[in-house]
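Keep in mind that the numbers below use all heavy atoms, side chains included, and drop hydrogens, waters and symmetry copies. Lettering of chains follows the sequences in order, A, B, ..., and the numbering in each one begins at 1.
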Amino acid sequence: MRTSELIGCQVYDAEGQAVGTVHDLHFRLRVQPDGSQVCQLDALECGGIGLGHRLGYGEHAMSGPWPFPQLFRYLARRSLAVPWSQVTAVNRPRIAVSARRDQLRPARRAGK
Amino acid sequence: MTRWDEDEFTANDLLLDRELIDSRGMPAGRVDDLELTVPGPGEPPVLTALLCGPTAFGPRLGGRLGTWWQAIGRRLRPVTDSYPNRIVVELVDHVDRLEITLLTPRENLDSYRFRQWAEEKVIGRIPGSTK
Amino acid sequence: MKAVMSMMLGVMTAIGGFVDIGNLVTSGITGARFGMTLTWAVLVGTLGMALFAEMAGRVTAVTRKPIFHVVRERLGVRMSVVNAGASTLLNVLTLAAELGGVSLVLQMVTGISYLIWVPLAGLFAWLVIWRMPFGWMENIFGLLGLGLIVFVVALFRLPTNWPAMWHQAVNPGVPAGQPAPTWWFYAVTLIGACIVPYQVIFFSSGGREEGWTSKSMTEMRVNAFIGFPLGGLLSLAIMAAAVPVLEPAGIQVSHLNQVAVPVAAALGRAGLAIVFVSFFAATFAAAAESGLSSGYSVAQYMGWSWGKRHPPGAAARFHLVCLASVIAATAFTLTTIDPVTVTIFAVVLGAAAVPLTYFPIVIVANDARLMGERVNRRWANAAGTFFMLIMVVVSLASLPLLLLTKAGQ
Amino acid sequence: MVSDLASARLAAQIGLRGRSFPAFTDGNITDAENDADSVNSTFGSRQPPDSRSDALRQKMLQALSDGTSALTDLRVAVRMDDRAQVRKALGEVGKSLKTFNDLQQELQ
């Protein structure tokens, strides 16, 4: 599987409601029982517009210049994180998840 | 083992479109796509390789330009296999916010046909190309 | 002592390198037609260039990433293909204008048609790209370009009406009898001639070629904040020299050699000879730089090895792009299309394209995780945002004005 | 056209005073001549709307063709490096400039 097969897909929740478009993939490093390390796909970040995140405005390390932080944080406010464990089917361009839209957390960085 | 500067990150933050630097400090391409593999049933996919070259770049670009690029890339491949150049994660030395360094010189990677063609057929034939 | 000398050299080459065919043509035209009423446009353009270059240079020095690395990493593969493509086409158009300029200078000197010189100019520009060490290229042509100071000298020998020119400069407005859209159009061309995308691409990629690090910050800032504004002053001198000589006679500049006439009137053959050398150096250096910049943009976007610090064989695809650009630009200039017209189009389209590269640089300069303590300070952001608003307005106005005024007729 | 005539005149005057190189003077005058020539042919191909403007057009055409030939004379004289001829041609260019200035006032 490649990232290009996931990024850009439409995500639909358990009730068939659209959650958003996948704009980024969230990874986490895990140490295996045998001591080796893997880089695991943790969640899909979905939302209307991924540009703000792309430019780095999801995080608070980005401070200026006016009006970009405000603008992009506003655009990214609906970004949601879909945990991979809740993904039930990937059929590009559709991804189905088992959770309901209102059960999903906001994408990690927007809230931090 | 690969050294990661962060243990939680996103593809756009650290991986996609980053520059690859080989063990001698030479640019070795950009990360055009990532290869994820599901290790076993029910387990989440893990990163197994960085993908480079036109057949990885084309689909990411999308649209007609992407298809076109991919088609050229396929023509330039030595074999009919259209799978992009893979750099397995084991070859990655260090990943930080600036760049990705590799454990091997770029000559050991699957070479790009276009680079070879440019080196051997065009630039290499002009006097003074090797200083 | 050595450090001071090298800094002086840097400033002098930055001054000489600032002026290219765009500045020569637009300053000459506007001085003869509008007096000093467009001084503000050169000031805006020069300050913008200094800010933009400083930011790009700082990002490159700290992150070791020149401009198109930053563009692709920040904007992603899809959005940045537009930037890289547009910038490369623009570089080729600029290269065509510069090659036309080099050839026109040779025509001025020899009287032999510029078309004969175009292929030779292309060939030599390519040879410089191919073999000449980076530092030589910058220093030789930058220093020869400093000869443009004769325009300043000429101003003191001409019947210059300083108070009247000062009055025009500080009270800008459309001169009587001139159409307002045309005045605004030329304001855009002057801004575009000062902030040329290829110069920023070249400045930041050149920083990598010369191995800038965070320690090179002072040198880089001196170049951007002293060298470029002094270069802008030379542009103003070219504009001002046209005022006492060409404007009263009702001469409208439409050829490059008319720009040199005020110096001949003031200083005679010696002055004219210096003008020839400095025009040649300014346009020729710009030709090599814009050719290199095409290679820089494409290679950085694609992640190919690039630059003059490698032997050409080790950066083959980069040199292939440079070579293709030189060939395309030479062929374009050989179509006998008027180089002055090409120049006008190149600077206007360049002005329109500035936000494409400026925007990502501002963003990265604000990223504390990459920039550390070198992140944009408040003043840099205030100036940067203000300037971005100006460039967005310029960018939006440029194409309508180009069509409305039929390229400044 | 006024600009072309003035530009050529200025270049020739600077050349006469020995403050310029022959190729440079020649280049300036040749450019002016070429530009004047193209103004001439563009104007000649326009159709006048009525008879009053036709009279004006005739006058204009005459002035344009006089100006262009004055420029040609000037260029030839400069190329031959004949100072007396250059001065004479400069006189013609000056006259032509005056005609255009008068015409301009008439139009206003």
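No side-chain donor from either of N28(D) and H255(C) sits under 3.5 Å from a side-chain acceptor of the other.
Heavy atoms of A266(C) lying under 4.5 Å from chain D belong exclusively to its backbone. Of the atoms belonging to S254(C), it is side-chain heavy atoms, and not backbone ones, that fall under 4.5 Å from chain D.
When A265(C), A249(C), G111(C) are compared by the number of non-hydrogen pairs under 4.5 Å with chain D, A265(C) comes out ahead. The most heavy-atom pairs under 4.5 Å with chain C, out of T25(D), D4(D), T30(D), D31(D), come from D31(D).
Between L246(C) and L10(D), some side-chain heavy-atom pair lies under the 4.5 Å cut-off. Contact check for S7(D) versus Q258(C): side-chain heavy atoms found under the 4.5 Å cut-off. Counting only heavy atoms from C-beta outward, the side chains of F24(D) and V109(C) never approach each other to under 4.5 Å.
Counting heavy atoms of neighbouring residues, nucleotides and ligands inside a 6.0 Å radius, atom CH2 of W162(C) exceeds 12 of them. When the shell of 6.0 Å around CG of N161(C) is examined, it contains more than 12 heavy atoms from other residues, nucleotides or ligands. Crowding of W184(C) atom CH2: a count of heavy atoms from other residues, nucleotides or ligands under 6.0 Å not exceeding 12.
When atom types are taken as modelled, the side chain of R269(C) and the backbone of S20(D) share a donor-acceptor pair closer than 3.5 angstrom. Judged purely by atom type and a 3.5 angstrom limit, S3(D) has no side-chain atom pairing as donor or acceptor with the backbone of I251(C).
For the atom pair CG of L267(C) and CZ of R19(D), the computed distance is 7.0 Å after rounding to the nearest 0.5 Å.
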